[in-house]
Visitor: 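This is the structure I have questions about; it appears just below.
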Amino acid sequence: AGAGGRPRRGLGGAGVQVKVLWHCEDRAGEAMAGPAIRAVALATRLAARHDVTLLCPGASALPAALRSARGPGSEGRSLQLQEFKPGASLAAQLAGVDVLITQGFGFAPADLARLPDGLRLVLDLYDPVLLELLARAGAQPAASERLHLAAVRLRLLWMLGRADHV
């Protein structure tokens, strides 16, 4: 059984193609920040062997070469790019997906409670949202900042408990 006692399906064995949805809340395109650059690069590598869709704001602005990028041993697969409006629901995109890779922010919080059974959740902690918020709040955070930090902390703790891989 996986995290939280959920049943696990065998994934990724020799010759088995896995359907991966990589959600990144950072904008992709010509002026990308670190998390989007990293998501594009890693999703492209995964697409060499699996069916990968990168879901993020600005996905349609990525260079055409990325849309048909094939890594070594790609067996003809390519990376799919899909636009995503920050704060929108992931529900429609999760149909038939085996693995969701996400930092856990930038989509409707209710989606976390409704992740399909059998879906593997890979939590990407490259972008330490909570640490950034703590640094911004400083030593004497206002009441509203403390509430925001508490909400982000609860969401992160829930995701850590639900994640199959971190």
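On a predicted model such as this, the values are computed, not experimentally measured, just so you know. Along the sequence shown, residues are numbered consecutively beginning with 1.
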Visitor: So which atom in A36 and which in C24 form the shortest heavy-atom distance, rounded to 0.1 Å?
Guide: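 Scanning both residues completely, I find the closest heavy atoms to be CA-SG, 3.8 Å.
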Visitor: Does any non-hydrogen side-chain atom of V97 lie less than 4.5 Å from one of T53?
Guide: no
Visitor: Taking all atoms of both residues into account, what is the closest heavy-atom pair of R49 and Q17, and its distance?
Guide: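 The pair with the smallest heavy-atom distance is O-CG, 4.0 Å.
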Visitor: Could you check Q103 against Y126 for side chain to side chain contact (heavy atoms under 4.5 Å, CB included), going step by step and ending with a plain yes or no?
Guide: CA-CA 8 Å; Q103 292 173 342; Y126 167 75; 4.2 Å; yes
Visitor: Between V99 and L119, which heavy-atom pair has the shortest distance, and what is it?
Guide: N-CD1, 3.9 Å
Visitor: Within the distance-only criterion (no hydrogens, no angle test), does the side chain of E83 pair as donor or acceptor with the backbone N or O of G58 below 3.5 angstrom?
Guide: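 Side chain of E83 to backbone of G58: a pair is present.
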Visitor: Give a yes or no on whether L154 and L147 share a hydrophobic cluster (residues Ile, Leu, Val, Met, Phe, Trp, Tyr; joining criterion: side-chain heavy atoms under 4.5 Å apart).
Guide: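 As far as the 4.5 Å side-chain criterion goes, L147 and L154 are not connected within one cluster.
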Visitor: Report the distance from atom CG of L81 to atom OG1 of T44, rounding to the nearest 0.5 Å.
Guide: 7.5 Å
Visitor: State, to 0.1 Å, how close L121 and M159 come at their nearest heavy-atom pair, and which atoms those are.
Guide: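 Looks like CD2-O, 4.3 Å.
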Visitor: How long is the span from the CD atom in Q82 to the CG atom in L21, to the nearest 0.5 Å?
Guide: 7.5 Å
Visitor: Write down the atom of D111, the atom of A88, and the distance for their closest heavy-atom approach.
Guide: OD2-O, 4.1 Å
Visitor: How close do A95 and K19 get, heavy atom to heavy atom, and via which atoms?
Guide: O-NZ, 3.8 Å
Visitor: Given the rule that I, L, V, M, F, W and Y join up when any side-chain heavy atoms are under 4.5 Å apart, are L100 and W158 in one cluster?
Guide: yes
Visitor: Just how far is it from atom CG of D98 to atom CG of D51, taken to the nearest 0.5 Å?
Guide: 9.0 Å
Visitor: Which value, rounded to the nearest 0.5 Å, describes the distance between H23 atom NE2 and D124 atom CG?
Guide: 11.5 Å
Visitor: Is V122 close to V20 at the side-chain level, that is, under 4.5 Å between some pair of heavy atoms?
Guide: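 Not touching, per the 4.5 Å side-chain cut-off.
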Visitor: For a 4.5 angstrom cut-off between non-hydrogen side-chain atoms, does L46 reach V18?
Guide: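 Side chain of L46 against side chain of V18, heavy atoms only: no contact under 4.5 Å found.
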Visitor: When rounded to the nearest 0.5 angstrom, what distance separates CZ in R136 from CG in L149?
Guide: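 R136 atom CZ to L149 atom CG measures 9.5 Å (nearest 0.5 Å).
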Visitor: With rounding to the nearest 0.5 angstrom, report the CZ to NE2 distance, R45 to H50.
Guide: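 One finds 12.0 Å between CZ of R45 and NE2 of H50.
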Visitor: Could you check whether any side-chain N or O of R155 sits under 3.5 Å from a backbone N or O of G104, counting only pairs where one atom can act as donor and the other as acceptor?
Guide: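 Pair found, side chain donor or acceptor close to backbone of G104.
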Visitor: Do F107 and L55 make a side-chain contact, defined as non-hydrogen atoms from C-beta onward lying under 4.5 Å apart?
Guide: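 Of all side-chain heavy-atom pairs linking L55 with F107, none is under 4.5 Å.
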Visitor: Show, in sequence, the C-alpha distance, side-chain angles and deciding distance for R162 and L112, and conclude whether the side chain to side chain contact (heavy atoms under 4.5 Å, CB included) test is met.
Guide: CA-CA 9 Å; R162 166 58 174 87; L112 292 173; over 6 Å; no
